[in-house]
Amino acid sequence: MRLTILGGGGFRVPLVHGALLGDHAEGRVSHVTLYDEDPDRLAAMTRVLADLTAAAAVPDAPGITATRDLEEALRGADFVFSAIRVGGLEGRAADERVALAEGVLGQETVGAGGVAYGLRTVPVARAIARRIARVAPEAWVINFTNPAGLVTEAMAEELGDRVIGICDSPVGLGRRIARLLGARPEEAWIDYVGLNHLGWVRGLRIGGRDELPRLLADTKALESFEEGRLFGAEWLRSLGAIPNEYLHYYYFNRDTVRAYQEAGQTRGAFLRDQQRGFYAEAGRAGLPAGAALAAWDRTRAEREATYMAENREAAGVGERDESDLESGGYEKVALALMRAIARDERATLILNVRNGSTLSVLDAAAVIEVPCLVDANGAHPMGVEQLPLHAVGLVTAVKAVEREILAAAASGSRADAVKAFALHPLVDSVAVARRLVDGYAQAHPGLAHLR
């Protein structure tokens with residue numbers, strides 16, 4: 001089975017390769033093709049993967065090819081992972097900077113920053129989807145590219161249900177809750193619903209019984225994990241649910257924007273500088289065996305420890321606990337998804353897929369994030385209870401913004417772009433929206449036509 005990774009020089013690629021090295025089942029991935037437009041990042045990541053393969057010392061490790069030719073990368077692929085970053089981390093840092101100058105949130109996927117990133121990424125994602133449909137029409141596409149739900153919906157215009165979006169946030173949240181309740185995560189049913197980076201755990205069933213009310217009643221237990229500390233026990237009990245961590249940007253917006261403005265460096269700028277150092281080190285000539293992987297390990301540990309630092313500062317909860325450093329394992333979700341499709345091993349996973357009739361407040365083509373049954377025919381959203389009214393308001397407002405981003409990316413219209421910004425719940429003024437469009441058009445060459 002052949003896997004192609006678009007954005008193959010990306011920092012999280014070793015997580016995927018490590019998961020593949022641990023897969024010894026029949027029908028596993030036999031070859032990985034890395035595609036990236038940046039030759040230096042591609043060379044550095046190839047070194048890291050070589051170190052990782054040598055350290056694993058497993059027989060029949062997947063072969064690795066690196067290329068800058070997209071058609072070559074796609075030809076013969078059974079699965080395609082899309083993990084691109086249009087504009088790089090320099091673009092993310094600019095997204096944050098322009099938004100904060102206007103007093104609004106510039107986070108990568110939420111608020112003004114998410115709109116700007118979407119406007120840059122959707123045209124590229126659509127072009128890639130068209131290329132996949134032509135060169136590898138039988139391939140399954142697993143989208144990691146942020147904003148994951150929006151980009152999956154854009155690619156689905158060409159690929160239909162053969163593109164599936166994944167995110168590790170819901171999985172990590174469900175795992176933390178299950179362990180607090182004394183259950184093995186794989187034995188718990190997580191009632192999760194929403195959009196990517198905008199969802200809620202509304203129940204967690206163990207042996208058919210919903211144990212979430214027991215957790216909500218226990219203040220000490222609630223405030224022992226990251227989401228509980230971020231939101232506070234009182235607010236979680238008011239909601240009767242555990243929100244995805246990204247909802248902190250909505251529920252505590254002013255506090256978070258202030259923390260971001262007071263920070264010495266934005267998250268995007270931090271990652272840009274950090275990864276610049278890593279890629280320079282990993283790509284250095286004469287590097288001894290294992291050194292590139294060691295540099296990656298150090299960089300990743302620092303990256304995880306500083307994740308959402310501004311939100312923790314706004315909430316007054318300090319450093320991350322060791323138990324919070326474990327992600328949801330997006331690479332493990334991707335591997336489970338591939339296994340289920342390729343081997344018809346049925347699995348239940350939280351994924352980004354087209355709605356169909358799952359949520360009545362959205363149309364069939366809207367991509368949502370819900371538990372899905374996965375088999376050889378793809379991912380099928382499972383029936384869920386409808387959203388409470390407060391969640392309906394956020395979900396429909398943000399989906400409306402995503403639709404405006406799709407329209408603006410297709411039309412190239414400044415008016416459509418202004419509308420996308422102005423309708424976002426975290427942008428509070430049409431005048432601000434117009435200034436944001438001007439700022440992003442100046443910051444990003446790909447958006448210059450909007451000026």
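All values reported here derive from a predicted model rather than from experimental measurement.
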Could you tell me whether the side chain of [X] and the main chain of [Y] form a donor-acceptor pair under 3.5 Å?
| X | Y | answer |
| --- | --- | --- |
| T358 | N355 | yes |
| T145 | S82 | yes |
| Y440 | D95 | yes |
| H444 | G446 | no |
| D344 | A376 | yes |
| R162 | E138 | yes |
| Q261 | L100 | yes |
| R126 | E157 | no |
| K332 | V16 | no |

Can you tell me how far [atom2] of [Y] sits from [atom1] of [X], rounded to the nearest 0.5 angstrom?
| X | Y | atom1 | atom2 | answer |
| --- | --- | --- | --- | --- |
| I242 | E227 | CD1 | CD | 8.0 Å |
| R237 | F231 | CZ | CZ | 15.0 Å |
| L6 | F81 | CG | CZ | 10.5 Å |
| R258 | N253 | CZ | CG | 10.5 Å |
| F278 | L271 | CZ | CG | 13.0 Å |
| N143 | E153 | CG | CD | 12.0 Å |

Would you please say whether a donor-acceptor pair under 3.5 Å links the side chains of [X] and [Y]?
| X | Y | answer |
| --- | --- | --- |
| Q275 | T299 | no |
| H380 | D375 | yes |
| E302 | Q274 | yes |
| N244 | E369 | no |

State, to 0.1 Å, how close [X] and [Y] come at their nearest heavy-atom pair, and which atoms those are.
| X | Y | answer |
| --- | --- | --- |
| H197 | C167 | NE2-SG, 3.6 Å |
| C372 | V353 | SG-CG2, 3.6 Å |
| A99 | G106 | CB-CA, 3.4 Å |
| F421 | A112 | CE2-O, 3.4 Å |

Applying salt bridge (charged side-chain N to carboxylate O under 4.0 Å, His left out), can you list everything that pairs with [X], at least two apart in sequence or on another chain?
| X | result |
| --- | --- |
| D23 | R339, R343 |
| R75 | E71 |
| E404 | K419 |

Exercise. Less than 6.0 Å separating the ring centroids of W200 and Y192?
Worked result: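 Judged by ring-centre distance (under 6.0 Å), W200 and Y192 do not meet the cut-off.
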Exercise. With sequence neighbours left out, what residues match R47 under side chain to side chain contact (heavy atoms under 4.5 Å, CB included)?
Worked result: L287, A292
For this session: Report the residues that fulfil side chain to side chain contact (heavy atoms under 4.5 Å, CB included) with A44, sequence neighbours left out, ordered by chain and then residue number.
Result: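 For A44 the side chain to side chain contact (heavy atoms under 4.5 Å, CB included) partners, ignoring immediate neighbours, are Y279, A282.
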[X] side chain near [Y] side chain, heavy-atom distance below 4.5 Å:
| X | Y | result |
| --- | --- | --- |
| V257 | V104 | no |
| L216 | E211 | no |
| T33 | I5 | no |

Is any NZ, NE, NH1 or NH2 atom of the basic residue among [X] and [Y] found under 4.0 Å from an Asp or Glu carboxylate oxygen of the other?
| X | Y | result |
| --- | --- | --- |
| E187 | R205 | no |
| E226 | R229 | no |
| R175 | E186 | no |
| R300 | D297 | no |

Problem set entry | T266 and its side-chain hydrogen bond (donor to acceptor under 3.5 Å, both in side chains) partner, picked from R272, E96, R92, R97 |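 Only match with T266 under side-chain hydrogen bond (donor to acceptor under 3.5 Å, both in side chains): E96.
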For this session: Could you tell me which residues satisfy ring-ring contact (aromatic ring centres under 6.0 Å, His included) with Y117, sequence neighbours excluded, listed by chain and number?
Result: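 Checked Y117 against ring-ring contact (aromatic ring centres under 6.0 Å, His included); zero matches.
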Exercise. Knowing that exactly one of I368, V193, L198 qualifies, which makes a side chain to side chain contact (heavy atoms under 4.5 Å, CB included) with V395?
Worked result: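 Among the candidates, only L198 passes.
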Exercise. Do R2 and F79 meet the cation-pi criteria used here (NZ or CZ under 6.0 Å from the six-membered ring centre, within 45° of the axis)?
Worked result: no
